[in-house]
Amino acid sequence: MFCKKCGRQIHAGEKFCRECGEPVPEVRKTNGGKRGWLPALIAVVALAAVLILQNLSVLPLITDIGGRPQDNQETGYAMPEETISSFAEAIAGNDITGALSLFACRHMTDNYDYSSYIERIQAWQPNFRYSYPSPEGILREATYEMARGEAAQQIFNLCFSLKADDEYLEMTPIFEGDLNQVMADLEEITDLDQLDTFQIIRMDYTKPETQNSSTHQENVRRQCEIYGAEDRAEYSVLYEYGGQTYFGGVSLIQYEQKWYIENLTGVLAGQTAYAYLEPMSEAEYCERVEI
């Protein structure tokens, strides 16, 4: 400390400047800096609390909008039956996001070897989803979105077929007749007021003798090579909705020891490519599936 009048250094304990006699101002004692430390600590704690509350409040907006995961993560299971059961539960719960998450759209897009496919069929098909190289970027993401769109279309068709008559499942336009009646019919068909009754009665490995044959397994091996997958399998399912039983197929594909849905059709069991369910008794189902 220095004298404010003459500038001489003032030593501890001196009350007057030895040079000019100027009184030394009284030095106020502090509480060792605690007074300045405590408010700072309180401010830091308060700020942290505000940030935590703020993050908690916006976290649902970041990870979930209307219950929908933002990253479109795919969910697979160790057993095919688990994947199929989860799909049926998602349909019964009106959960389109959950149903779509069980499809292997991302896995198939990222692992597909288009050149292997072309070599196998000895042709190039421009209308096929995986006909082009898909390095990382807009083309790959567009291919992925197309795959998700096709999966969503199959889910729509499956649900639509629960109440639709054959007339509306033929995929042909209706021009004649009372179109007002058509609109009334469609409103009734799409009103799935008993969707919570949708459930699985049984599921089976379709035509075991055929699928386990060496010829079929060699075909599976080649397909897995193209899709970069570990295994593929087809299952048949007997669903129930509103007291009526329906047949449907599910083709599954395996990545990293987990099974995902490839599509909702059963080629071996003769199901249409549109994924429509077919009203069927259990006895008819067993005959169709050959079990």
**OP:** Check the pair Q153, Y274 against side chain to side chain contact (heavy atoms under 4.5 Å, CB included), reporting the backbone distance first and the verdict last.
**Re:** CA-CA 8 Å; Q153 180 68 64; Y274 299 117; over 6 Å; no

**OP:** Output, in order, the C-alpha distance, side-chain angles, deciding distance and verdict of side chain to side chain contact (heavy atoms under 4.5 Å, CB included) for V237 and I201.
**Re:** CA-CA 8 Å; V237 187; I201 301 300; over 6 Å; no

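With ring centers used as reference points, Y132 lies 6.0 Å or more from Y114. Taking the six-membered ring for Trp, Y235 and Y205 have ring centres closer than 6.0 Å.
Under a 4.0 Å N-O distance rule, the pair R106/E141 qualifies as a salt bridge. Using a 4.0 Å cut-off between charged side-chain N and carboxylate O, E284 and R288 make no salt bridge. The residues K207 and E234 are annotated as not salt-bridged, no charged nitrogen and carboxylate oxygen being separated by less than 4.0 angstrom. Using a 4.0 Å cut-off between charged side-chain N and carboxylate O, R222 and E225 make no salt bridge.
Looking at Y285 and E287, their side chains never come closer than 4.5 Å, going by heavy atoms from C-beta outward. The side-chain heavy atoms of F87 and V250, taken from C-beta on, include no pair separated by under 4.5 Å. Side-chain atoms of S251 and V267, non-hydrogen and from C-beta on, never get closer than 4.5 Å to each other. Between I291 and P208 the shortest side-chain heavy-atom distance falls below 4.5 Å. Counting heavy atoms from C-beta on, the side chains of R140 and D110 come closer than 4.5 Å.
I155 and I91 get closest at one heavy-atom pair: CG2-CD1, 3.8 Å. The two residues A88 and Y239 come nearest to each other via the heavy atoms CB-CE2, 4.5 Å. For the pair Q271 and L277, the tightest heavy-atom approach, listed with the atom from each and the gap, is NE2-CD2, 4.4 Å. Here the closest non-hydrogen pair linking W259 and A233 is CZ3-N, 3.9 Å.
Classification of the Y112-Y117 ring pair by plane angle, with boundaries at 30° and 60°, yields tilted. Using cut-offs of 30° and 60° for the angle between ring planes, the F156 and F160 rings count as parallel.
When only modelled atom types and interatomic distance are considered, T143 and T109 share no side-chain donor-acceptor pair under 3.5 Å.
Transitive grouping of hydrophobic side chains (ILVMFWY, heavy atoms separated by less than 4.5 Å) brings I96 and F198 into a common cluster. Side-chain heavy atoms closer than 4.5 Å link hydrophobic residues (I, L, V, M, F, W, Y) into clusters, and following such links, possibly through other members, connects L179 to L186.
Once rounded to the nearest 0.5 Å, the distance linking CD of Q194 with CG of D196 reads 8.0 Å.
Proximity of a side-chain donor or acceptor of S85 to a complementary backbone N or O of E82 within less than 3.5 Å is not detected.
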